[in-house]
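Shown next, in structure tokens, is the structure this report addresses.
Both counts, for ligands and for their atoms, begin at 1 and track the order of listing.
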Amino acid sequence: MCVANDKRYDSMQYRRSGRSGIQLPAVSLGLWHNFGGVDNFENSRAMLRRAFDLGITHFDLANNYGPPYGSAEETFGQILKKDFLPYRDELIISTKAGWDMWPGPYGDRGSRKYMLASLDQGLKRMGLEYVDIFYHHRPDPDTPMEESLGALDTAVRSGRALYAGISAYNAKQTAEAVKILRDLGTPCLIHQPKYSMFVRDPEQGLFDVLEKEGVGSIVFSPLAQGLLSDRYLNGIPSDSRAARNFFLKKKDIGEDKLTKIRALNEIAKQRGQTLAEMALAWVLRDPRVTSALVGTSKVSQVDDNVAALKNLKFSAEELRLIDGVLAGKKAA
Ligand SMILES: NC(=O)c1ccc[n+]([C@@H]2O[C@H](COP(=O)([O-])OP(=O)(O)OC[C@H]3O[C@@H](n4cnc5c(N)ncnc54)[C@H](OP(=O)(O)O)[C@@H]3O)[C@@H](O)[C@H]2O)c1
């Protein structure tokens, strides 16, 4: 059993999720990559322990994280048993259902049958009685929203989850979902959208809806899967996500992207930060963002990402320069 650092709450910043009672760490850790059955268990364990020692109280999972599917929840369950059981009440653990999980018509999307079976499987894999947040992972255009969100409501009412969340719903769908959940009596705690310097869609309405409705946001892939770091400045390292050429493709790291990454890296240096640190500070500059949800492959990346919190302020000039780089203008 691990004995956690007794200074773990000294420097982490916690931000309130919308108008709810829950505060999340400004940096949260996701287990999409590097926690599967194919990955090194002791490395996964070391990253989780380091994260908790630094005040990261929130770990994000989904039914199909691995590979193989389900294995990130299994890995997490084993580490929970070895290290974190005494700390269960200090943790916010989330899981999701909405993507491909098991064969046949009931193992994907948004039916009540799929979502509740998925949650039950996840609880078993993690050895938990309940998760803190259960998400619908993506909207399902073929299932009435009332059914998918009704499954979240059932999950909460039956005690298998404490809060409900949605992910990848656009601004209009979010406004509708928030209303349905509120009418059901299970308010939406949080939305999980993709947001980074390279993907700014939530600025086009989603953040406005969330602010108006008092719903938090935890933004995923804030480092654009590692592009917004110094990882690819000198080619593609063999142990990187891009080297696996699946979720992050080698072809997505063209000269145009690299020119922007290099220019952003120079701005980060001027701020005394790594590019990853600046990328996280940048998403957190918006108070509507509750938490930056990162992935890591090494303990040193956990340290670096938390170090972002040492400098979250941007001058108007720095923001202008960053916008210029992102728009493809030459850095001044
Ligand atoms: N709701 C959804 O649909 C959805 C979708 C995707 C993700 N998510 C959630 O969001 C989490 C994060 O997603 P993500 O892994 O794509 O996030 P990300 O933080 O943008 O990318 C993580 C990758 O960036 C690299 N990295 C991290 N910290 C670094 C640092 N300090 N310096 C240099 N490189 C660094 C690592 O790449 P290497 O592995 O190459 O070292 C790491 O695997 C997931 O685990 C999951 O929980 C949700």
Think [X] forms a cation-pi with [Y], using NZ or CZ under 6.0 Å from the six-ring centre and within 45 degrees of its axis?
X      : Y      : value
Arg45  : Phe76  : no
Lys257 : Phe198 : yes
Lys249 : Phe246 : yes
Arg112 : Tyr106 : no

Atoms in ligand 1 with a heavy atom of [X] nearer than 4.0 Å:
X      : value
Asp304 : 30 (C), 31 (N), 32 (N)
Ser167 : 1 (N), 2 (C), 3 (O)
Ala276 : 30 (C), 31 (N), 32 (N)
Gly295 : 12 (C), 15 (O), 17 (O), 18 (P), 19 (O), 22 (C), 23 (C), 27 (C), 28 (N), 42 (C)
Tyr232 : 40 (O)
His137 : 1 (N), 2 (C), 3 (O)

Q. Among the heavy atoms of Asn34, does any lie under 4.0 Å from an atom of ligand 1?
A.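 Within the 4.0 Å threshold, so yes.
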
Q.
Please determine whether any non-hydrogen atom of Pro222 lies less than 4.0 Å from an atom of ligand 1.
A. yes

For [atom], what's the nearest protein heavy-atom neighbour? Residue, atom name and distance, please.
atom                    : result
atom 15 (O) of ligand 1 : Arg241 NH2, 2.7 Å
atom 47 (O) of ligand 1 : Asp60 OD2, 2.6 Å
atom 12 (C) of ligand 1 : Leu293 O, 3.2 Å
atom 44 (C) of ligand 1 : Trp32 CB, 3.3 Å
atom 36 (C) of ligand 1 : Gln301 OE1, 3.4 Å
atom 48 (C) of ligand 1 : Gln192 OE1, 3.0 Å

Report yes if some N/O of [X] lies less than 3.5 Å from some N/O of ligand 1; otherwise report no.
X      : answer
Leu31  : yes
His33  : no
Asp230 : no
Val294 : no
Lys96  : no
Ala224 : yes
Ser240 : no
Phe220 : no

Residues [X] and [Y]: side-chain donor-acceptor under 3.5 angstrom:
X      : Y      : result
Ser118 : Asn63  : yes
Ser291 : Ser28  : yes
Ser158 : Arg160 : yes

Which option, [options], owns the non-hydrogen atom nearest [atom]?
atom                    : options                : answer
atom 41 (O) of ligand 1 : Ser229, Ser297, Ala279 : Ser297
atom 24 (O) of ligand 1 : Gly226, Ser300, Ser196 : Gly226
atom 13 (O) of ligand 1 : Ser221, Ala307, Pro193 : Ser221
atom 28 (N) of ligand 1 : Thr296, Asn305, Leu228 : Asn305

**Q.** Steps toward salt bridge (charged side-chain N to carboxylate O under 4.0 Å, His left out) verdict (Asp100, Arg109)
**A.** CA-CA 7 Å; Asp100 173 46; Arg109 314 291 286 261; over 6 Å; no

Q) Hey, is CD on Glu42 packed in by over 12 heavy atoms from elsewhere, all under 6.0 Å? A)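 Counting other residues, nucleotides and ligands, CD of Glu42 exceeds 12 neighbours.
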
Q. Can you say whether the rings of Tyr9 and Phe52 are parallel (under 30°), tilted (30 to 60°) or perpendicular (over 60°)?
A.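 Aromatic pair Tyr9/Phe52 classed perpendicular.
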
(Q) Once you restrict to heavy atoms under 4.0 Å, what part of Gln225 touches ligand 1? Side chain, backbone, both or neither. (A)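 The answer is both, backbone and side chain.
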
**Q.** Within reach of ligand 1, part of Tyr65 (heavy-atom separation under 4.0 Å)
**A.** side chain

Is the [X] to [Y] ring centre distance short of 6.0 Å?
X      : Y      : answer
Tyr65  : Trp99  : no
Phe220 : Trp32  : no
Tyr114 : Trp102 : yes

(Q) Has Ser148 got a side-chain atom pairing as donor or acceptor with Met145's backbone, closer than 3.5 angstrom? (A)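 Not confirmed, Ser148 side chain does not pair with Met145 backbone.
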
Q: Take Phe207 and Tyr195, measure what ring pair (Phe, Tyr, Trp, His ring centres under 6.0 Å) needs, and give me the verdict at the end.
A: CA-CA 11 Å; Phe207 283 148; Tyr195 184 54; 5.0 Å; yes

**Q.** Minimum heavy-atom distance between Arg244 and Asp239, given as atom pair plus value
**A.**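 Where Arg244 meets Asp239 most closely, the heavy atoms are NH1-O, 4.4 Å.
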
